[in-house]
Amino acid sequence: MTWTSSMSSGYSSLEEEESEEFFFTARTSFFRRPPGKSRAAPQDVQKEREPHVCLSKEEVKEKIQSYNSSVTDKLKMTLNANGIYTGFIKVQMELCRPITVQSSQSQGRCAHGNNETAFYLPDGCVNTLHISSTNTVREVIEALLKKFFVADNPAKFALYKRCHKEDQVYTCKLSDREHPLYLRLVAGPRTEMLSFVLREHETGEVMWEAFSIPELQNFLRILDKEENEQLQILRKRYAAYRDKLEEALGGVWKPG
């Protein structure tokens, strides 16, 4: 499985030089969604999960030929002699909370809080992954997190499929055992027919026990920083009020 991270549809292989990644430092509280991170939940309609239809090798071959004849971005599928096929999927990152990123220097060693930082991923971040028909949803999620050096537990995230039908947006959470490339093949290459989205699990209340000690420490650092920023704003505001009042009082009591 290979992947890339981009703000467009381009891709490169994992074996190539490591591409530059773009992160935004967390500036707002993880208790609320940052600007631009709101989800259009009212427009999403839960769709019934479609049954997986087992295709014969000839049917797969025909569908791949039809798929490749329709692609416009050169991201074609390839059928191997053993019946396994490979291809590309694009996954849009729609994460509302900051992710905990582990520095590349600490990979493979025991991670400490000083080696982890909380970031918000930028809006519109799209990853192009090269996967096979045997790769599951859980493997795709783990690959995405590994690419970004994300230290968060993969169980916190879910992969959704999104499609448009009759002027409505249908969104359905995929089970860990489903195969995204099969869904891509059946739907065809058009992203308006089917697209993949990575989100946090919608659990309502924050499950603090699911976070590690370094993650909780990062959250505390974010809160401390935000508290200090808000205190500075309040002090400046009241200092400005005080100056205005003193100026007004000076004008009233000024001898005529």
Side-chain angles (χ1 to χ4, degrees), residues 1-14 19 21-22 36-53 55 59-60 62-79 85-96 121-145 147-148 157-200 202:
M1 181 187 302
T2 59
W3 58 77
T4 65
S5 172
S6 67
M7 302 297 288
S8 64
S9 59
Y11 77 94
S12 61
S13 173
L14 179 64
S19 60
E21 303 292 353
F22 297 90
K37 290 283 184 178
S38 60
R39 292 175 184 161
Q43 297 179 0
D44 289 349
V45 180
Q46 191 74 12
K47 186 180 180 181
E48 293 294 330
R49 183 168 286 108
E50 298 175 0
H52 185 99
V53 179
L55 302 176
E59 288 175 324
V60 170
E62 291 177 2
K63 282 189 173 294
I64 289 178
Q65 289 176 346
S66 175
Y67 182 97
N68 290 341
S69 64
S70 302
V71 297
T72 58
D73 51 11
K74 299 182 180 180
L75 302 182
K76 297 183 177 183
M77 293 193 186
T78 303
L79 178 62
Y85 51 96
T86 59
F88 299 86
I89 64 169
K90 296 178 182 179
V91 181
Q92 182 170 348
M93 314 289 277
E94 289 188 358
L95 304 181
C96 297
L121 282 177
D123 291 323
C125 182
V126 177
N127 282 264
T128 303
L129 291 85
H130 185 221
I131 63 175
S132 77
S133 55
T134 61
N135 290 130
T136 63
V137 165
R138 179 52 45 188
E139 290 172 331
V140 168
I141 294 175
E142 291 173 353
L144 286 169
L145 300 183
K147 175 62 179 176
F148 284 106
F157 303 91
L159 191 67
Y160 291 76
K161 67 177 181 179
R162 177 187 292 161
C163 59
H164 297 257
K165 186 178 181 181
E166 297 177 355
D167 298 327
Q168 285 186 315
V169 178
Y170 295 86
T171 302
C172 177
K173 185 171 72 172
L174 300 174
S175 71
D176 288 347
R177 293 185 296 273
E178 292 192 71
H179 299 86
L181 193 61
Y182 166 82
L183 299 176
R184 179 80 278 164
L185 175 63
V186 172
R190 295 173 57 190
T191 55
E192 60 267 25
M193 296 298 296
L194 173 72
S195 60
F196 296 103
V197 179
L198 184 72
R199 292 178 176 176
E200 299 97 342
E202 295 290 349

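All values below come from the heavy atoms of this structure, side chains included, with hydrogens, waters and symmetry mates left out.
- Of the charged side-chain nitrogens involved, at least one lies within less than 4.0 Å of a carboxylate oxygen, so that R162 and E94 count as a salt-bridged pair.
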Check the pair N135 / H179 against side chain to side chain contact (heavy atoms under 4.5 Å, CB included), numbers first and verdict last.
-> CA-CA 6 Å; N135 290 130; H179 299 86; 5.9 Å; no
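- Interatomic distance, CG of L198 versus CG of L145, reported as 6.5 Å (0.5 Å rounding).
- The minimum heavy-atom distance linking T136 with R177 is given by the pair CG2-O, 4.2 Å.
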Pair L181-M77, side chain to side chain contact (heavy atoms under 4.5 Å, CB included): steps then yes or no = CA-CA 9 Å; L181 193 61; M77 293 193 186; 3.6 Å; yes
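- The heavy-atom pair separating P180 from V140 by the smallest distance is CG-CG2, 3.9 Å.
- For the pair V197 and T171, the minimum side-chain heavy-atom distance is 4.5 Å or more.
- For the pair Q65 (side chain) and E62 (backbone), a donor-acceptor distance under 3.5 Å is absent.
- A distance of 10.5 Å separates CZ in R184 from CG in L75, rounded to the nearest 0.5 Å.
- Side-chain contact between K147 and L144 is absent, with no heavy atoms from C-beta onward closer than 4.5 Å.
- In this structure S70 satisfies the side-chain contact (heavy atoms from CB on, under 4.5 Å) test together with P189, sequence neighbours excluded.
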Intermediate values then yes/no, side chain to side chain contact (heavy atoms under 4.5 Å, CB included), V126 and V91 | CA-CA 6 Å; V126 177; V91 181; over 6 Å; no
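- For the side-chain contact (heavy atoms from CB on, under 4.5 Å) test, residues two or more places apart in sequence or in another chain that qualify with E59 are L55, S56.
- Judged by a 6.0 Å distance limit and a 45° cone about the ring axis, R199 is positioned over the six-membered ring of Y160.
- Here the closest non-hydrogen pair linking I64 and Y85 is CD1-CB, 3.6 Å.
- Taking the side chain as every heavy atom from C-beta outward, F196 and L183 approach each other to under 4.5 Å.
- If you take OG1 on T128 and CZ on F88, they are separated by 8.5 Å, rounding to the nearest 0.5 Å.
- From T191, atom OG1 reaches atom CD of Q92 across 9.5 Å, with rounding to the nearest 0.5 Å.
- In this structure, C163 and M193 approach most closely via the heavy-atom pair CB-O, 2.8 Å.
- In this structure, CD1 on I89 lies 11.0 Å from OG on S195, to the nearest 0.5 angstrom.
- Nearest heavy-atom pair, S132 versus T86, reported as atom, atom and distance to 0.1 Å: CB-CG2, 3.9 Å.
- Expressed to the nearest 0.5 Å, how far CG of N127 lies from NZ of K90 amounts to 11.5 Å.
- Residues Y170 and Q168 have side chains that bring a donor and an acceptor to within less than 3.5 angstrom of each other.
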